[in-house]
Every structure is written in structure tokens, then in C-alpha cells.
Number of protein chains: 2
Amino acid sequence: MKPDCSNDDHSVSGLSAVDDSVCDRAAGIFRALGDPGRLKVLILLSQQEMCVTEIAIALEEQMTTISQRLKLLKSERLVRSRRDGKHLFYSVADQHVSQLVSNGIDHARETDP
Amino acid sequence: MKPDCSNDDHSVSGLSAVDDSVCDRAAGIFRALGDPGRLKVLILLSQQEMCVTEIAIALEEQMTTISQRLKLLKSERLVRSRRDGKHLFYSVADQHVSQLVSNGIDHARETDP
DNA sequence: CCTTCAATTCACCATTTGATGAAGTGTAGG
DNA sequence: CCTACACTTCATCAAATGGTGAATTGAAGG
């Protein structure tokens, strides 16, 4: 039974008919970005490829903490890693990710402090 | 002390020098988007203005659940509300929000299933 | 092989989160 | 004013989350 305020549907943006699995995946991505610690890692990696120790030093955190964050970011395919000798170098998975992060930061800046 | 893998900084994108408070705010926004339930509400509202009851029916959830989600989304300034008689109509705060959601969905679709 | 450095995994903890039902606002109509 | 409807707030609780130190894996170099 429809409530008396119901409106007839007229889809607008490219957001109509979003598959549940796609929705879950998108939420997973946003969730991964939704922690200041992980976001800082991504901001760093948007600027340059870095190894775990470097990130830990830059953010003044324990290496194990950074490793955990990277694990989650990687499980959402937001970062990639490449081994070089003893080091594992991480970088943003693709330009799309930096874009997403950048958009979020922009929006954060635009809405009144 | 620098690790032997250290690289000289050469900022690239518009993401260098991100204020801590901005970072926290951006993370807050992403966190709000990072739940399938809330994301579904936003996807609905990206298409049209709706009252709480309508949203609850559309998503087959309890009204109190939807109300809680809307409260969080509003606290992050992702949605606006407007009263009309007994009804409270909610809509996306601005086009930027739909854009952000849309980008996330796109990214979710692009990365292999 | 043995040691060292880099990084991950594991187990544990406190904290946060999200749904839920009961109770409380607030608006309109009789 | 009193009732009905629309919605929010509150308190509760199980589940998920994030950081931490100890133990583990993995790659050089002697």
C-alpha cells in the first residue's frame, strides 16, 4: 500500500537500477576510504610509490598498523604492491582511485568548516 | 633516520598538504557512504525527493532504521530535509553528493567482479 | 645455514557501529 | 483537547572494527 505522499518514479542520473552486489562493493570501497588513517595512507600513495616502512615513518605510526591498513586497502583493490628485494612498494591501484579520494577531499573542503 | 628506500618528495596531484581536519571530515563523508544501507538511501534520494515512510517501504526496512540512517547522513551534510505538513521530505544535499556516489558506483562496476 | 631486515599474520582488547522496540515530539483534523 | 499519523530519540545489545605486541614468513648477504 502506497503512502499518500508517493511520487511516480522518474529516474534521473546513472544511479537507477543499481545491482545489490555492485552496491555492496561500492560501499566496501567507501568504507575503506572512511577512516582517517587509511585515507592518509592513500593520500600519500597518490603522490608517490612508497614502501611500508616509509609510510609508517611519514605518518608516525607502527609498521604493523600500516600493514593492516594496506591489507584492507588492497582487499578493496585500492592499492597495488610490487616487491623489490626486501622491500614491498605500494602505490594507488589506478588513477580512478586518486580521483575518488580527491573528490572526497574537495567536498570536505567545500562544505563550511 | 631515513630508510634506505627513501625517495625525494615531488608532489603531484591536488592532494598534497591535506589538513588533518579536512582529512577527518573527508573520512567522515566516506564513512557515511561506506554502508550498503545508507548508500541505498542515497541512491534513492539521488533520483528523487522522498519522505521517510516512502524510503522505508522502498527498501523494505523499518522506519526507525531509516530515520537513524538519515540522521547520520544529515550530520555529514549529505542530505537535506524539508517539512511539508506531517511529512519530512529528504533529498540529496547537492549535486556534488550524487556525483561522489556515482563515481563510487562506477568504480565498483569497473573493477572486475 | 644463520642472521638480519622488511613485512605480514595472529590473538587479544577496547571501542564503535547499526538495528531494534519503547517512549517521546510535533503537526493536522475533528 | 484529543486522537491519529509521521517521525525522532533513547537505551540496549550483538557484531564489526582498529590498534597492539608476539610470533611468523620471506628475501638478501655473509
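Here is the naming used below: chain letters follow the sequence lines, and residue numbers restart at 1 for every chain. If you're wondering where the values come from, they're calculated on a predicted model, not measured in any experiment. All values below were derived from every heavy atom in this structure, side-chain atoms included, with hydrogens, water molecules and symmetry-related copies excluded.
Contact annotation: B:Y90 side-chain N/O to D:dA6 OP1/OP2 distance is not under 4.0 Å.
If you measure from atom CG of B:L70 to atom C1' of D:dC7, you get 10 Å, rounded to the nearest angstrom. Across the protein-nucleic acid pair, B:E54 atom CD and D:dC5 atom C1' stand 15 Å apart, rounded to whole Å. One can place CE of B:M50 at 15 Å from P of D:dA6, the figure rounded to the nearest angstrom. If you measure from atom NZ of A:K71 to atom C1' of C:dC10, you get 9 Å, rounded to the nearest angstrom. Rounded to whole Å, the distance from CE on B:M63 to C1' on D:dT8 is 9 Å. To the nearest angstrom, P of D:dT8 lies 12 Å from NE2 of B:H87.
Screening residues 32-47 of chain B for salt bridge (charged side-chain N to carboxylate O under 4.0 Å, His left out), with sequence neighbours left out, gives A:D20-B:K40. The salt bridge (charged side-chain N to carboxylate O under 4.0 Å, His left out) contacts involving residues 93-104 of chain A comprise nothing, where partners must be two or more places apart or lie in separate chains. Evaluation of the side-chain hydrogen bond (donor to acceptor under 3.5 Å, both in side chains) test over residues 58-68 of chain B, restricted to residues two or more places apart or in two chains, returns B:E61-B:R69.
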Indicate for each nucleotide in nucleotides 15-21 of chain D, in 5' to 3' sequence, whether protein heavy atoms under 4.0 Å reach the base (B), only the sugar-phosphate (S), or nothing (-).
--SSSBB

Nucleotide by nucleotide, 5' to 3', does protein get under 4.0 Å of the base (B), only the sugar-phosphate (S), or neither (-) in nucleotides 24-30 of chain D, counting heavy atoms?
---SS--

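Contacts of B:S21 classified as side-chain hydrogen bond (donor to acceptor under 3.5 Å, both in side chains), with partners at least two apart in sequence or in another chain: none. Every residue was checked against the side-chain hydrogen bond (donor to acceptor under 3.5 Å, both in side chains) condition with A:K71, not counting sequence neighbours, and none meets it. For B:R83, there are no side-chain hydrogen bond (donor to acceptor under 3.5 Å, both in side chains) partners two or more places apart in sequence or in a different chain. Listed by chain and residue number, nothing satisfies the side-chain hydrogen bond (donor to acceptor under 3.5 Å, both in side chains) test with B:K86 (two or more places apart in sequence, or in another chain).
Remark: the backbone N or O of B:L72 is paired with a side-chain donor or acceptor of B:S75 at under 3.5 angstrom.
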